[in-house]
Amino acid sequence: MTRVIVVCGTDTGVGKTIATAALAAREAGLGRRVLVVKPAQTGVGGDWPDPPDADTVTALTGLPARHFVALADPLAPDTAARLRDVALPTVAEHAASLRALLPEHDTVVVEGAGGLLVRIDTEGGTLLDLAVALASDADPLEVVVVARPGLGTLNHTELTVAALRARGVEPAGVVLGSWPAAPGLAERCNREDLPRVTALPLLAVIPDGAGSLSREDFLAGVPTWFA
C-alpha cells in the first residue's frame with residue numbers, strides 16, 4: 001500500500017513546509033515515487049508575495065507538489081473562504097481526492113495548514129479529521145508533528161500529540177522545524193525534553209534558513225538532519 005505521511009504543525013510558522021520538503025526528499029532518496037499535497041493553501045496572489053507552499057517544496061526538492069484549493073487571504077482556510085464567500089471541499093472530499101492519487105505513488109506527503117485543529121473546510125473539518133479518514137488507506141498512516149524549538153513548544157507539542165492520541169492516531173515523531181545557529185538555553189532544553197514529555201522520537205532537526213538553500217545544498221543536507 002501507499003505510504004501516507006501527514007505533516008501537522010503545532011502552530012503556524014513553525015517550519016512545516018520545509019519539514020514537508022525534507023520528508024519528501026528523504027522518501028525520494030529511498031527510490032520511492034513521491035507526491036506532496038497541501039489540501040488548502042491560503043495567502044495566494046493579491047498583495048501576498050510568498051509563493052504557494054507546493055511551489056516551495058518543488059523548488060527545494062524537484063518533486064511534484066500541488067494544492068487542491070487556493071485562497072487569497074493569509075488566514076485559516078475556513079475563515080479565508082467565508083470572507084470571500086468561496087465554497088470549500090469537505091474533509092471527505094479531500095480524502096477522496098487523495099485516495100485517487102495513491103495508486104500512482106509510493107508515498108504521498110500531506111501538508112496541513114497551520115495547526116492540527118485549524119479548520120480546512122467550512123463544516124468544521126480539520127487536518128486531524130482528514131488523518132483519521134485516511135488511516136484505513138495507508139500502511140501505515142504516519143503523522144509527523146513539526147514544532148518550534150523555543151519557549152512554549154513543550155505545551156504546544158504535548159497538546160497536539162494529546163489531540164492525535166485522543167482520536168486513536170499515534171504520531172510517528174516530532175521534527176524541530178527551524179533550529180537556530182546559536183541555540184539558547186530554552187532551545188537546548190526543549191530538544192532534550194520533547195522526546196521525554198511526548199514519548200515520541202525526535203525524527204529530525206532542520207536548521208533555520210534551510211528554505212533559502214539551493215536545491216543541491218538542501219538535498220545534500222536532508223540526510224544529516226534526520227536522526
Side-chain angles (χ1 to χ4, degrees), residues 1-9 16-45 51-71 76-78 80-81 86-146 164 167-173 175 203 215 218-219 222:
M1 295 178 70
T2 301
R3 187 178 187 183
V4 177
I5 302 173
V6 175
V7 183
C8 70
K16 186 169 68 276
T17 298
I18 307 308
T20 296
L23 288 160
R26 185 182 64 161
E27 290 291 301
L30 299 174
R32 301 177 69 84
R33 298 171 299 162
V34 180
L35 174 68
V36 174
V37 177
K38 187 170 181 109
Q41 172 72 61
T42 62
V44 175
D53 292 340
D55 290 359
T56 298
V57 169
T58 297
L60 289 171
T61 67
L63 296 170
R66 57 178 295 190
H67 51 252
F68 289 153
V69 176
L71 299 159
D78 72 324
V86 174
L88 285 181
T90 64
V91 161
E93 289 168 335
H94 280 313
S97 296
L98 285 162
R99 288 189 191 104
L101 298 170
L102 298 184
E104 301 173 7
H105 303 91
D106 300 311
T107 302
V108 175
V109 184
V110 182
E111 182 189 355
L116 180 68
L117 299 184
V118 167
R119 288 169 169 79
I120 60 174
D121 68 19
T122 50
E123 296 183 358
T126 67
L127 182 67
L128 176 54
D129 295 316
L130 181 58
V132 170
L134 292 172
S136 62
D137 299 288
D139 186 26
L141 176 80
E142 296 183 27
V143 176
V144 174
V145 178
V146 182
L164 285 161
R167 293 288 297 276
V169 178
E170 179 61 23
V175 169
L203 300 176
R215 181 182 299 175
F218 185 86
L219 294 176
V222 165

What side-chain donor-acceptor pairs closer than 3.5 Å can you find for residues 122-134, not counting sequence neighbours?
| unit_1 | atom_1 | unit_2 | atom_2 | d |
| --- | --- | --- | --- | --- |
| T126 | OG1 | L128 | N | 3.2 |
| T126 | OG1 | D129 | N | 3.2 |
| T126 | OG1 | D129 | OD2 | 3.2 |
| D129 | OD1 | R167 | NH1 | 2.9 |
| D129 | OD1 | R167 | NH2 | 3.3 |
| D129 | OD2 | T126 | N | 2.9 |

* Could you grab the distance from atom CD1 of I5 to atom OG1 of T20, nearest 0.5 Å is fine? => 9.5 Å
* Structure fact -> A22 and F218 have their tightest heavy-atom pair at N-CZ, 3.7 Å
* **Those residues that, when tested against A70, pass side chain to side chain contact (heavy atoms under 4.5 Å, CB included) (two or more places apart)** => V44, H67
* Atom pair CG/CZ of L101 and F68 - distance to nearest 0.5 Å -> 5.0 Å
* Asked: Quick one: are T61 and V34 in side-chain contact, heavy atoms under 4.5 Å?
  -> no
* To do: Starting at CG of D55, measure out to CG of L60 and round the result to the nearest 0.5 Å.
  => 11.0 Å
* Quick one: does R119's side chain get under 4.5 Å of L88's, heavy atoms only? -> no
* Residues in side chain to side chain contact (heavy atoms under 4.5 Å, CB included) with L203, at least two apart? -> V144, V175, P201
* Structure fact -> CG (D121) and NE2 (H94) are apart, to the nearest 0.5 Å, by 6.5 Å
* Can you tell me which residue pairs pass the side-chain hydrogen bond (donor to acceptor under 3.5 Å, both in side chains) test with a partner in residues 102-116, sequence neighbours excluded? => T17-E111, E27-T107, R32-T107, R33-D106, K38-E111
* Qualifying residues under side chain to side chain contact (heavy atoms under 4.5 Å, CB included), relative to A65, sequence neighbours excluded -> V36, A54, V57, T58
* Is there a side-chain contact between K16 and D53, using heavy atoms and a 4.5 Å cut-off? -> no
* Asked: Got a second to check how far L98's CG is from L35's CG, nearest 0.5 Å?
  -> 8.5 Å
* Structure fact -> Applying side chain to side chain contact (heavy atoms under 4.5 Å, CB included) to V118 and not counting sequence neighbours gives A76, P77
